[in-house]
Visitor: 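Quick one: the structure is below, questions incoming.
Atoms within a ligand are numbered from 1 in the order they appear, just like the ligands themselves. All residue numbers refer to positions in the sequence shown, counting from 1. Values below: every heavy atom of this structure, side chains too, minus hydrogens, waters and symmetry copies. Here the structure is a predicted model, which is why all the values come from computation and not from measurement.
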Amino acid sequence: MYKHRALGICMLVLCAAGSAIGQPTPNPSSTAPATANQLPRVTILATGGTIAGKANTNSAVGYTSGQASAQDLIDAVPGIEKVATLTAEQISNIGSQDMNDEVWVALAKRINELFAKGDTDGVVITHGTDTMEETAFFLEQVLASDKPVVLVGSMRPSTAISADGPANLYAGVQVASSKEARGRGVLIVLNNTIHESRDATKTHTTSLQTFASPNAGPAGYVDASEVRFVEPVETCKRPRFKAPDKAPLPRVDIIYSHSNMLPDEVSDALKRGCKGIVLAGVGDGNSSKAVVDALSSAAQQGTVVVRSSRVGAGFTVRNAELNDDKLGFIAAQDLNPPKARILLQLLLANGTTDAQRIQAEFTTR
Ligand code: ASP
């Protein structure tokens with residue numbers, strides 16, 4: 001799979017000759033140890049997750065997320081102090097299944113503040129993997145600086161045999177310390193692989209290699225000494241929102257489509273007062289006739305309806321299986337349902353309700 005996302009105004013420029021698609025670019029950014037006063041300053045913001053999880057015994061199946069502190073995580077990584085000068089802050093200590101608008105707003109505020117004051121060269125956020133792609137995508141939309149922000153987590157708790165958290169944290173700090181990571185938006189680093197927030201998705205319940213970027217391929221790779229990106233930085237900058245200063249964001253519900261689907265989930269969502277609905281549609285963002293009719297009537301009455309897909313790869317294509325122009329829908333393109341939800345929440349929070357404008361934003365963000 002390739003790092004070439006054919007998106008509206010922001011076509012990615014392919015690597016120069018000699019740097020084939022999917023292959024690392026030459027001139028990687030070295031993360032070889034430097035002397036203390038040359039080291040980049042990296043701030044670790046800890047939020048919880050399995051990386052901070054603990055079990056009673058190191059072979060236990062059950063464990064509790066969000067037990068270890070930010071400092072515990074750093075202390076478990078010998079040699080990390082040679083990569084960057086670290087400071088650590090605890091933002092929350094929760095499993096990412098409980099991630100919420102309050103923590104997102106706090107993270108965005110703190111990161112914007114750190115960069116604005118010039119206090120740090122890069123940020124690493126430790127986070128559960130379940131909703132990591134959502135937090136990464138949210139932050140991507142609202143951070144003002146182009147300095148590196150990297151999310152790391154783990155699939156095994158800190159007490160497990162071969163816990164993957166320490167290596168992932170080390171790699172995350174390498175990437176956040178790398179000049180090459182600048183201007184690439186918010187990144188996810190797991191299992192020595194770097195992903196962009198728009199592309200990344202969790203694909204496996206337990207494997208260490210759980211993150212993939214199905215439509216674009218990984219952004220790069222990390223090894224013991226180097227951070228390598230597969231393409232140059234995008235020259236065309238994507239627009240950003242002003243970070244929201246308070247939670248919650250406007251309510252947008254996701255409706256998961258399946259066979260024998262009845263329209264009651266649409267009417268229930270409307271009764272709950274949602275301002276938008278994202279359809280996690282079958283195939284190319286489709287659903288039963290009854291659901292499509294209910295969604296279309298919701299759209300005519302002012303609820304914004306975005307069609308995404310439950311498939312996990314590919315673009316949801318406008319006006320293909322369904323006539324979006326006629327039905328009043330927005331096609332989510334390559335955004336999966338949770339990310340489509342976040343983008344719609346931010347657009348609604350910023351007063352954007354016009355379907356045509358929202359469709360354009362889904363292409364350019
Ligand atoms: N449930 C955990 C979480 O997302 C899983 C993990 O971190 O991998 O917090």
Visitor: Pairs in or reaching into residues 132-144: which pass salt bridge (charged side-chain N to carboxylate O under 4.0 Å, His left out), with residues at least two apart or in two chains?
Guide: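 Matches after skipping sequence neighbours: E140-R240.
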Visitor: Just by distance, no angles: are the side chains of S178 and Q174 close enough, under 3.5 Å, to form a donor-acceptor pair?
Guide: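 No donor-acceptor contact under 3.5 Å links the two side chains.
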Visitor: What donor-acceptor contacts under 3.5 angstrom involve side-chain atoms of residues 308-326, with partners at least two apart or in another chain?
Guide:
{"from": "S308", "atom 1": "OG", "to": "L335", "atom 2": "O", "distance (Å)": "2.9"}
{"from": "S309", "atom 1": "OG", "to": "G283", "atom 2": "O", "distance (Å)": "2.5"}
{"from": "S309", "atom 1": "OG", "to": "V311", "atom 2": "N", "distance (Å)": "3.0"}
{"from": "R310", "atom 1": "NH1", "to": "S257", "atom 2": "O", "distance (Å)": "3.0"}
{"from": "R318", "atom 1": "NH1", "to": "F329", "atom 2": "O", "distance (Å)": "2.9"}
{"from": "R318", "atom 1": "NH1", "to": "Q359", "atom 2": "OE1", "distance (Å)": "2.7"}
{"from": "R318", "atom 1": "NH2", "to": "D325", "atom 2": "OD1", "distance (Å)": "2.7"}
{"from": "N319", "atom 1": "OD1", "to": "D324", "atom 2": "N", "distance (Å)": "2.7"}
{"from": "N319", "atom 1": "OD1", "to": "D325", "atom 2": "N", "distance (Å)": "3.0"}
{"from": "N319", "atom 1": "ND2", "to": "D325", "atom 2": "OD1", "distance (Å)": "3.3"}
{"from": "N319", "atom 1": "ND2", "to": "D325", "atom 2": "OD2", "distance (Å)": "3.1"}
{"from": "E321", "atom 1": "OE1", "to": "N286", "atom 2": "ND2", "distance (Å)": "2.5"}
{"from": "N323", "atom 1": "OD1", "to": "D325", "atom 2": "N", "distance (Å)": "3.2"}
{"from": "N323", "atom 1": "OD1", "to": "K326", "atom 2": "N", "distance (Å)": "3.0"}
{"from": "D324", "atom 1": "OD1", "to": "R307", "atom 2": "NE", "distance (Å)": "2.7"}
{"from": "D324", "atom 1": "OD1", "to": "R307", "atom 2": "NH2", "distance (Å)": "3.3"}
{"from": "D324", "atom 1": "OD2", "to": "R307", "atom 2": "NH2", "distance (Å)": "2.8"}
{"from": "D324", "atom 1": "OD2", "to": "N319", "atom 2": "N", "distance (Å)": "2.7"}

Visitor: Note every protein N or O atom lying under 3.5 Å from an N or O atom of ligand 1, pairing the names and giving the distance.
Guide:
{"from": "ligand 1", "atom 1": "1 (N)", "to": "Q97", "atom 2": "OE1", "distance (Å)": "2.9"}
{"from": "ligand 1", "atom 1": "1 (N)", "to": "D130", "atom 2": "OD2", "distance (Å)": "2.7"}
{"from": "ligand 1", "atom 1": "4 (O)", "to": "S96", "atom 2": "OG", "distance (Å)": "2.5"}
{"from": "ligand 1", "atom 1": "4 (O)", "to": "T129", "atom 2": "N", "distance (Å)": "3.3"}
{"from": "ligand 1", "atom 1": "4 (O)", "to": "D130", "atom 2": "N", "distance (Å)": "3.0"}
{"from": "ligand 1", "atom 1": "4 (O)", "to": "D130", "atom 2": "OD2", "distance (Å)": "3.3"}
{"from": "ligand 1", "atom 1": "7 (O)", "to": "T50", "atom 2": "N", "distance (Å)": "3.0"}
{"from": "ligand 1", "atom 1": "7 (O)", "to": "T50", "atom 2": "OG1", "distance (Å)": "2.9"}
{"from": "ligand 1", "atom 1": "7 (O)", "to": "T129", "atom 2": "N", "distance (Å)": "3.0"}
{"from": "ligand 1", "atom 1": "8 (O)", "to": "T50", "atom 2": "OG1", "distance (Å)": "3.3"}
{"from": "ligand 1", "atom 1": "8 (O)", "to": "T129", "atom 2": "OG1", "distance (Å)": "2.4"}
{"from": "ligand 1", "atom 1": "8 (O)", "to": "S154", "atom 2": "O", "distance (Å)": "3.1"}
{"from": "ligand 1", "atom 1": "9 (O)", "to": "S96", "atom 2": "N", "distance (Å)": "2.7"}

Visitor: Verify whether one side chain among T363 and Q333 offers a donor that lies under 3.5 Å from an acceptor in the other.
Guide: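 A donor-acceptor contact under 3.5 Å links the two side chains.
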Visitor: Verify whether one side chain among K54 and T159 offers a donor that lies under 3.5 Å from an acceptor in the other.
Guide: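 Checked: K54/T159 side chains show no N/O donor-acceptor pair below 3.5 Å.
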Visitor: Quick one: which residue pairs count as a side chain to side chain donor-acceptor pair (under 3.5 Å) with a foot in residues 93-107, not counting sequence neighbours?
Guide: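 Residue pairs passing side chain to side chain donor-acceptor pair (under 3.5 Å), neighbours aside: S96-T131, W104-T135.
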